[in-house]
Structures are given as C-alpha cells and as structure tokens.
A.B. asks: 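Quick one: structure below, then a few questions.
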Number of protein chains: 2
Amino acid sequence: MRARRVTLRQVADELGVSAKTVSNAFNRPDQLSAALRDRVLATAHRLGYSGPDPLAAGLRRGRVGAIGVAYANGLSYAFDDPVAVALLAGVTSVAEAAGAGLLLVPGSADPRRSAAAVTGAVVDGLLVASLADDDPLLAAAIARRVPLAVVDQPGPDRLAELGAPGAPWVGIDDRAAMAAVTAHVLALGHRRLGVVAFGLTRDPVRGLVDGAAQAAATYAVSRDRLAGSRDAAAAAGVDWDGVPVSAGTDSTPGEGEAGAAAVLATTPRPTALLCLSDRLAEGALRAAARLGLRVPADLSVTGFDDAATAAGLGLTTVRQPTRRKGELAARALLAPAAGPAAPQLLPTELVPRATTGPPPALPG
Amino acid sequence: MRARRVTLRQVADELGVSAKTVSNAFNRPDQLSAALRDRVLATAHRLGYSGPDPLAAGLRRGRVGAIGVAYANGLSYAFDDPVAVALLAGVTSVAEAAGAGLLLVPGSADPRRSAAAVTGAVVDGLLVASLADDDPLLAAAIARRVPLAVVDQPGPDRLAELGAPGAPWVGIDDRAAMAAVTAHVLALGHRRLGVVAFGLTRDPVRGLVDGAAQAAATYAVSRDRLAGSRDAAAAAGVDWDGVPVSAGTDSTPGEGEAGAAAVLATTPRPTALLCLSDRLAEGALRAAARLGLRVPADLSVTGFDDAATAAGLGLTTVRQPTRRKGELAARALLAPAAGPAAPQLLPTELVPRATTGPPPALPG
DNA sequence: GCGGTGTTCTTCATCGTTGAAGAGGCAGGA
DNA sequence: TCCTGCCTCTTCAACGATGAAGAACACCGC
C-alpha cells in the first residue's frame, strides 16, 4: 500500500501543461503567469506533490546546496569535544547564511569505510579537518574533485604533494604558539618539563615517545607543536632529550590523565606539564590532584585552545580562533574561488592564568 | 580550463567494456572477475575517476545515505546550546554506526526559507525537533513524504492532526516533570513562585504573560511545562494567577537573566524561580547575583534538562535523557518502520542540588 | 551428448528533473 | 502593414548512474 512517489510529470499531465511549466512554477515564478502558477501549485497540492525531487534537480543542476564536513575521528567524538563543536559552529553559521546545508560525513574505525563515505557524500564541496598526512580520507576527498577546504592539518605543503595545491587552508602557526607557551613556563623558572600529547600517528602509539618518534608524527599539528616546545627549550638551554613526552590518541580528559600520570612517573619529576589541548590539560589536573600535587605550587600545567572550559579551570593556555577557522573555511568553500588560495594563518595569543607559577623550591 | 567531470561511461569506453561493468567494479565486486575489476579500477584511476557520482547513483537507487535534521532555531544557535548538541550527538552516533550521514538543514529567520530548505534537502529521512504546532517547517517535512521522526514537540496528537499519524515521536512527559520540580519547591515551603519561560509562540512575546497566553502557547513543551507547574501549584493551594510567568524567545542565559529580572521585579517578590531550562536558570542566577540575592537563602532557583553545566552550578533541575532521545529518533528513522510507531516517552528524574532550599523567613 | 547450474558480462530502460532553444500570440512603433 | 520584442509556454535532450533481464560460455553429472 506504499504510495508511489508523485512526480512533476504527473502534475503536468493532470493539468495538461508541460513538465517544464510545473518546474517553473516551483523554481522560476517569473517565467509563467501568476494565474497558471496558482493552478499548478493547487494541483500539485491536491495530488500530494510537494515540489521537485531535490535529488533529481541536483543531478540536473549540478549542485545540491550542501557542503560536507569530514573528520578524522568519528562524528560522535566530535560532538563531545568543545573545540570541534566550535569549529562546526563557525562552519554552520556561514553555510546557513548562504542557505547551504551541512552534511556530516560518517566516520568509522575502518579507514576504508571513512574514505568510502567521503566518496559517496552528496555535496558541492568538502571541508576536512585534523587529518593525518596519510589519511585515506584525505586522498578520497581530493579525488572527489569538488571544492576542498582544509582546516589545521595537513598543512599546505602536504596538500600540494597530494595533488591539491592551492586548496584553501586555514590554520595557525602551531609551532610558534607552542613555543610561546613553553617559553612562558621556562620564564617562570621551570627546567624540568613534561609534555602530554594526543595522537602522533593514525595507528595510535601510547606511552612515552622519543625525539625520532616525535619528528615522525604524521599529524602535523602534533609534530609542529612538539617542535615548538623543543625550539623554546633549546633557546633556554634545556635538554629536550630529557623531556618526557607522552603520546595518546584522542584529545580527551581521560587520555590526558593517563598521559600526565605517565609523565609524572618519570624521575626527576617534571615541575611543569605542557598539554597539547585544554581537554588533555583537564585530565592532567585530575592526575595532579590524584597524586596530591598542588597546582601551581607543586606543578604548573598548561593547555592549548582556550576552550570554553579553560577559563573556569583557571587554565593557562593558548587561545586560537577555532570558530573563526570554521567560518573562513566555509567561506572559502562557498565562494567561487577562482585561482589557488593563499593559506590563511590566524593569530594566536598566550593566555596566562592560574595554573602556572614558579617551580617549587628544590625538593628535599 | 575547468576539467570536465569524468563519467562512468568514459571509463567504460576507454576500456571497451559496458558501463554497467564499471559500475559493478565499484559497487558489486562479486559480479565480475577480479582481473577485470583491477583493470577497471586502474583505468578509472588513470582517468581521474574516483567513483560513481553519488547524486546520480542516489537518484537511480532512491537512497542517498543521509538523514536530515531540521531545527526551529537556526543551526548556529543549536551549536551554542549544550542540550541541542547532546541531541545531535545522540542522532549522530546512531547514524554513524549505520554508515549514514547527517545533513543539518539550514534554518532562517524567514519561515518560508526554512521550509524551502526542508523541501530541498537531499535526504532519506527527516528528523525534526522542538517545533511549534504551526511551524511551516513541519508542514514541509510532512509534505516531503520521506520517513519522519519528531523529537519533543509537537506532540503525537498534533502530528496526527497534521496528517502524520504514527510518525515516530520521542519525548518526555513535560507536564509531569515540571509538576515534580514545582512540587519539590513547594514542599520546601515556598508559596510565592515565579516562572522564567522560553518561547511560547513562534512570534516572540516578551514579558509577563497571563494564563490565557500560557494555555495558548503553540510550543507544546512550554505549554505542558507551565501546565505542570500549575497542576502542582493547585495541588498545594497556591493561586496560579498570582504567579508571574515571563516569556522569552530562545533558551539562553541572556533571556534567562532578563526574564528573571522581570519576574523578580513583581511584588511581592517570588522566593523561588522555576526556569524552563538550565540555560535560563544560569541567567536567572546571574540576575539574582546582580540583585544581591543569595541562592538559596534568599531565592531558590530550578532548571530543567540537567545539562552538563548544571552540576557545576549546583543547580536543582530535572534530568531528561537528551542524548538518548536523539539515539531513539535516529534509530526510528533508519529502521524500516513497518506500521505506525508508538510514541516513546522517556523517563525523567528530579535532581535536587544546592540552588533550592527553604524560603527566607518572613521579610521585615 | 545433453540438460542444468554458475559465472561473467551486456543490453535496455529508467530514475525525476531542468538548461537551451524554439514557437505562438499580442502590443507597440515605423 | 509589417517588423520587432516581449511574454508564455513547449519541445528536446541531457544530467550520470543502476536494476532487471538476458546472452554467452564453461563446467558438471549422468
């Protein structure tokens, strides 16, 4: 008993007009007389026809009025991360203003399925964010040959290598930003640092990682931020090889707590913990509390992002314009984009708060 | 110089096979020999063909692998509201597990544009949430004749009126839940209540509203929650007509602050403020602070939702399974859904915290 | 040697719509 | 009167793909 779909043609036949006229009644009211248009709409309504099938219209027109967003981590994860949500909010506000929808492309633990989802997404353009240099999802997005915009990673140079030179890219100078917050901690007098990182490569490696592994990270953001810390350490005469760096997978408080615990278990114990995100830092604060360490008296902790939660925690961090990234990337996708686009590097700002202070006096 | 799109047919011709074979190489690997499949894929790659056009395939197949979500308020707003985000997270997790994408349908201040966006959304099903009884967007969604699921409002009875009886509906018993939190406050001894509400109708009415306006609300959730409060008041012998009720528009702290200020300006001043959402309550707490009122010593405040922020504020509230709503609605959309679906009423729970207490002793 | 069963690939029609181009009629100007 | 231009509406041919059905061939068992 399933009612068969009503088509444009049926409405046209019912009324004895051409299909194109019915089409025009819906899409180009100026192309037919008001009287006929009213009759067409009335007939359509009577037959239960609610307008041209978007799919068929999209095929014919070559546009569907939606852009896709693909994320390395699953979408479900994205909604739990305030930073990811802020990015989406930025994308959405621009897309919505332009009347475009936003298709969240489903992710999967299986990279092949993720890539297939990108290949099969019904969109006019794709926005990808936070992908590893070698993510198949990215290759799939490039192969689609629809307009592409990239946020954060991979960087412009890697995009060029992959055959997408000049694709709009929006991000920050992760290396400099991380160097700044590291320098801030060093300036307070700390000499024993520890770093809590999220993923370095698509295949998650947990635990402490050496300099070679750090430099080999395929997540550009991780690689650059670690390099930034090393820059600052070197400038202050701190031996980087002695700095424990813990790698994790996602940017979650749970990962942060575990990573911080691992770093704090090294001897001599670091007096400052540099976390690659505010959410990791949130976990690091929990780890510190669990160990009975006072922040910042016994231990300084820094984050990255200046997410909404950071102020409440009094977290020293680096502010980056996450929402704006989304806006700019969306704008780049929706605009006609004639030639190759120049990479857009947005400003960051060190935000010192209450979780950093001078290191404790020499331990007894 | 824009490269023309590569088609299935071109790959087929290049290789001297039928178009269908190329199609099968991508979609039904078991339908052709591995050797030929490899040759097809290689040729496709060489020509820069990344797979069948999702739009055309969707038209032919009659499915596109995405469900749409339409919201009364703009999407940009949705990302700012933790409750809306939780709902989306629920929807997404189920959709993603099923390999389906999520199309966020753009909203607009102009209801006609919003409705048009729904009509033109390229989706296999639609999920709508928090719509007024008379929202054109809802009418458009029903007219689409694709599977439809509704969260919260309008209620099942209204859906039946609109010609969509048996459409999957997920929500809570707003009336009973609000009665419960009101009864909690009354049990503490309060007799002078005030209510801070969000929108009652699509055309926003700001300020204090009388009983007639309350009952005429076209947002079922607002209507039912107010009715619930009135039920509890009546049961406790409190005259509802003497209870100031402020209506607003969105569920934001700003609206909450303004609404609370209006309610607290009435004489005699209420000793308890019932807010229809946690975000409104957040604003109410600000208003109280601004007036120098201690919570709960001078003023009790309640929320609704038990959003992530509620615990931190120590807010007495009603917990509702927002994320689960999204999951169930998505499941209903993605499952074949043979006959009419029974409305799914999820449980709620009163969560007493620190913002409610006995009323102050009689004022001097 | 023959019908039956699979595998592999092809043919054909069609999904529902809209751009491009065209045809008919009517008004206004030369 | 005739031409021009405008307003309406129509015709035609795609847009790019896939389901259903079928053809060609190989292999099997008896």
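Letters A, B, ... are given to chains in the order of the sequence lines, protein chains preceding strands, and every chain is numbered from 1.
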A.B. asks: Using whole Å, report how far CZ of Phe26(B) lies from C1' of dG16(D).
C.D. replies: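 That distance rounds to 13 Å.
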
A.B. asks: Could you check if a side-chain atom of Glu327(A) sits within less than 4.5 angstrom of a side-chain atom of Arg323(A), using non-hydrogen atoms only?
C.D. replies: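 Answer yes - side chains close enough.
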
A.B. asks: I'd like a table of donor-acceptor pairs (distance under 3.5 Å, sequence neighbours excluded) in which one partner is a side-chain atom from residues 147-154 of chain A, with atom names and distances.
C.D. replies:
residue   : atom : partner   : partner atom : Å
Asp152(A) : OD1  : Lys325(A) : NZ           : 2.6
Asp152(A) : OD2  : Lys325(A) : NZ           : 3.0
Gln153(A) : OE1  : Ala220(A) : N            : 2.9
Gln153(A) : OE1  : Val221(A) : N            : 2.8

A.B. asks: Keeping to residues at least two apart or across chains, list the side-chain hydrogen bond (donor to acceptor under 3.5 Å, both in side chains) pairs with something in residues 104-117 of chain B.
C.D. replies: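 Found none.
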
A.B. asks: What's the CG-C1' distance between Leu55(B) and dG16(C), to the nearest Å?
C.D. replies: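 Spelled out: CG on Leu55(B) to C1' on dG16(C) is 11 Å.
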
A.B. asks: For Asp124(A), give me all partners under salt bridge (charged side-chain N to carboxylate O under 4.0 Å, His left out), at least two apart in sequence or on another chain.
C.D. replies: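 Partners of Asp124(A) under the salt bridge (charged side-chain N to carboxylate O under 4.0 Å, His left out) test: Arg63(A).
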
A.B. asks: Could you give the angle between the helix axes at the two ends of the helix from dG1(C)-dC30(D) to dA30(C)-dT1(D), with five pairs per end, rounded to 10 degrees?
C.D. replies: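 So the angle between the two local helix axes works out to 40°.
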
A.B. asks: How would you list all residue pairs meeting ring-ring contact (aromatic ring centres under 6.0 Å, His included) that involve residues 113-168 of chain A, not counting sequence neighbours?
C.D. replies: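 Those involving residues 113-168 of chain A do not exist here.
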
A.B. asks: Rounded off to whole Å, could you give me the CZ-to-C1' distance for the Arg5(A) and dT17(C) pair?
C.D. replies: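 These atoms are roughly 12 Å apart.
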
A.B. asks: Can you run down the side-chain hydrogen bond (donor to acceptor under 3.5 Å, both in side chains) pairs that involve residues 86-107 of chain A, sequence neighbours left out, and say none if there aren't any?
C.D. replies: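 The answer is Glu96(A)-Ser76(B).
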
A.B. asks: Please encode protein proximity along nucleotides 7-12 of chain C as a string of B, S and -, counting only heavy-atom distances under 4.0 Å.
C.D. replies: -SBBB-

A.B. asks: Answer yes or no: is there a side-chain heavy-atom contact under 4.5 Å between Thr218(A) and Thr201(A)?
C.D. replies: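 When only atoms from C-beta onward are counted, Thr201(A) and Thr218(A) do touch, with a gap below 4.5 Å.
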
A.B. asks: Using a cut-off of 4.0 Å on non-hydrogen atoms, how would the nucleic acid contact of Tyr49(A) be classed: base, sugar-phosphate, or nothing?
C.D. replies: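 Here Tyr49(A) touches the backbone only, sparing every base.
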
A.B. asks: Which residues satisfy the salt bridge (charged side-chain N to carboxylate O under 4.0 Å, His left out) test with Arg202(A), sequence neighbours excluded?
C.D. replies: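 Arg202(A) satisfies salt bridge (charged side-chain N to carboxylate O under 4.0 Å, His left out) with Asp134(A) only.
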
A.B. asks: Please state how far atom CG in Leu8(A) lies from atom P in dT10(D), giving the value in whole angstrom units.
C.D. replies: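 Roughly 12 Å, once rounded to whole Å.
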
A.B. asks: Check ring-ring contact (aromatic ring centres under 6.0 Å, His included) between Tyr77(B) and all other residues, then give those that pass, not counting sequence neighbours.
C.D. replies: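 ring-ring contact (aromatic ring centres under 6.0 Å, His included) check on Tyr77(B) returns nothing, list empty.
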
A.B. asks: Sequence neighbours excluded, which residues qualify as ring-ring contact (aromatic ring centres under 6.0 Å, His included) partners of Tyr49(B)?
C.D. replies: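 Scan of Tyr49(B) (ring-ring contact (aromatic ring centres under 6.0 Å, His included), adjacent residues dropped) gives Phe26(B).
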
A.B. asks: Considering residues at least two apart in sequence or located in another chain, which fulfil the side-chain hydrogen bond (donor to acceptor under 3.5 Å, both in side chains) criterion with Arg144(A)?
C.D. replies: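 Arg144(A) satisfies side-chain hydrogen bond (donor to acceptor under 3.5 Å, both in side chains) with no residue once adjacent residues are dropped.
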
A.B. asks: Among residues 56-64 of chain B, which residues get a heavy atom nearer than 4.0 Å to DNA chain C?
C.D. replies: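 Contacting residues: Leu59(B), Arg60(B).
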
A.B. asks: Once you round it to whole Å, what is the distance between P of dG19(D) and CG of Asn27(B)?
C.D. replies: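 Rounded to whole Å, this separation is 7 Å.
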
A.B. asks: Separation of Arg9(A) atom CZ from dT14(C) atom P, in whole Å?
C.D. replies: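 Rounded to the whole Å, the gap is 13 Å.
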
